[in-house]
Amino acid sequence: MRLDDEQESQNIEDRRGSRVSRGVVGGGLGSIAIVLIALFFGVDPSIILQGGPPQSNVSQEPVPQSQQAGARDEGREFVSRVLGSTERVWGEIFQRAGKQYAEPNLVLFSGRVQSACGFASAAAGPFYCGNDQKVYIDLSFYRELRERFKAPGDFAQAYVVAHEVGHHVQNLLGIMDKVKARQSRAGEREANGLPVRLELQADCLAGIWASFANQERRILEPGDVEEGLNAAAQIGDDTLQKRAQGYVVPEGFTHGSAEQRVRWFRRGIETGDLKQCDTFSGGGVL
């Protein structure tokens, strides 16, 4: 990827090196399990819990950073430029639609973190919390993406950030609230399928960002699109289930199959058209 022309975002919260003491999250062990499962798959836990931010006595105590003073932090710089690119692109798209884009913060953490959606460890993976409108990521996930999920490459890493920002776009547009309301009225099968549609739409929105950013700043290099599509395939629910248990349970999907994720991400990249990202059918996005 070529990100030299993209400005670094000023909306980075660096909590790496902070000490997080876990407290008791309201709602009991069942709620905690649901929150962690949701966070592992990158879903806003409130979509599942149907409630507000949990109360806790988790505290964060700053401790000295382990990084050398003055050393270049390439991981932070990379996600900062990707976030800055999403801010520019979505700001322009919202402005054209007569709307204002409220930029999300991106929180860097190491090991574990407290968000307005609850407590999460690095094993939860990157996630978006709609309650505080922040994206959370432990940069060690990129090593997991490369080694465990067999999805190397900088565009694969950028796709992760763009997907979570896609959830923020959904939140600003009221799509998440509509999904919650629809879940409360739907039968079990439809209610379980709605989060998958939400995730596939976030994939398409990530593709929209890549399409616009490449048109304006030529950020993509040969092989980048293939890296992103491979990442989408490697974190498809069927691929993850086969890797974990040797067989596929479609009823347990949370993000969609590899084929679905690739198809929607590709649709966003190739069309650059928000109307093509309607995974719920009818009505469009903006």
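All values derive from a computational prediction rather than experimental measurement. Excluded from the calculations below are hydrogen atoms, water molecules and symmetry mates; all remaining heavy atoms, backbone and side chain alike, are included.
Applying the 6.0 Å contact sphere to CD of Glu190 captures more than 12 heavy atoms from other residues, nucleotides or ligands. Around atom CD of Glu188, no more than 12 heavy atoms belonging to other residues, nucleotides or ligands sit under 6.0 Å away. In the displayed structure, Gln95 atom CD is contacted under 6.0 Å by at most 12 heavy atoms of other residues, nucleotides or ligands. The neighbour count for Gln245 CD, taken as heavy atoms of other residues, nucleotides or ligands under 6.0 Å away, is above 12.
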List the steps, then state whether salt bridge (Lys or Arg N to Asp or Glu O under 4.0 Å) holds for Asp273 with Lys275.
CA-CA 5 Å; Asp273 183 0; Lys275 294 180 180 179; over 6 Å; no

Given Asp132 and Tyr128, is the side chain to side chain donor-acceptor pair (under 3.5 Å) satisfied, shown in steps?
CA-CA 9 Å; Asp132 58 18; Tyr128 171 73; over 6 Å; no

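Put simply, CD on Glu270 and OG on Ser211 are 9.5 Å apart, with the number rounded to the nearest 0.5 Å. Note: Glu103 CD to Ser9 OG = 6.0 Å, rounded to the nearest 0.5 Å. Rounding to the nearest 0.5 Å places CD1 of Ile12 at 4.5 Å from CG of Leu106. Atom CG of Asp224 and atom CD1 of Ile269 lie 10.0 Å apart (nearest 0.5 Å). Once rounded to the nearest 0.5 Å, the distance linking CZ of Arg197 with CD1 of Ile175 reads 13.5 Å. With rounding to the nearest 0.5 angstrom, the CZ atom of Arg15 is 9.5 Å from the CZ atom of Phe109.
Under 3.5 Å, the side chains of Asn11 and Glu87 contain a donor-acceptor pair of N or O atoms. Between Trp209 and Ser85, the side chains place a donor N or O and an acceptor N or O closer than 3.5 Å (distance only, hydrogens not considered). Glu199 and His167 form a side-chain donor-acceptor contact under 3.5 Å, judged by distance and modelled atom types alone.
Gln260 is linked by a side chain to side chain contact (heavy atoms under 4.5 Å, CB included) to Leu200, Ser257, Arg263, counting only residues two or more places apart in sequence or in another chain.
A side-chain donor-acceptor contact under 3.5 Å links Thr271 to the backbone of Arg267. Judged by distance alone, with hydrogens and angles left aside, the side-chain atoms of Ser80 form no donor-acceptor pair with the main-chain N or O of Glu8 at under 3.5 Å. With Arg2 contributing its side chain and Glu221 its backbone, the two residues share no donor-acceptor pair below 3.5 Å. Judged by distance alone, the side chain of Asn105 and the main-chain N or O of Lys134 form no donor-acceptor pair under 3.5 Å. Within the 3.5 Å criterion, the main-chain N or O of Glu6 finds a donor-acceptor partner in the side chain of Arg81. The backbone N or O of Ala191 sits less than 3.5 Å from a side-chain atom of Gln183, completing a donor-acceptor pair. Within the 3.5 Å criterion, the main-chain N or O of Asp5 finds a donor-acceptor partner in the side chain of Arg217.
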Atom pairs and distances, side-chain donor-acceptor, residues 225-236, under 3.5 Å, sequence neighbours left out:
unit_1	atom_1	unit_2	atom_2	d
Glu227	OE1	Asp154	N	3.4
Glu227	OE1	Phe155	N	3.3
Asn230	OD1	Gln234	NE2	3.3
Asn230	ND2	Lys150	O	3.0
Gln234	OE1	Arg243	NH2	3.0

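Annotation for Cys277 and Ile208: closest pair SG-CG1, 3.7 Å, computed over non-hydrogen atoms. Shown here for Cys117 and Gly130, the closest heavy-atom pair between the two residues is SG-N, 4.0 Å.
Considering only heavy atoms from C-beta on, Arg182 comes within 4.5 Å of Leu194 through its side chain. Side-chain atoms of Glu216 and Glu92, non-hydrogen and from C-beta on, do get closer than 4.5 Å to each other. Within the 4.5 Å cutoff, no side-chain heavy atoms of Ser140 are placed close to those of Glu144. Side-chain contact between Leu172 and Phe94 is present, with at least one heavy-atom pair separated by less than 4.5 Å.
Under the 30°/60° scheme for interplanar angles, the aromatic rings of Tyr142 and Phe78 are found to stand perpendicular.
One finds a salt bridge joining Arg261 and Asp203 here, because a Lys/Arg side-chain nitrogen approaches an Asp/Glu carboxylate oxygen to under 4.0 Å.
If you look at His168 and Tyr101, their ring centroids are closer than 6.0 Å.
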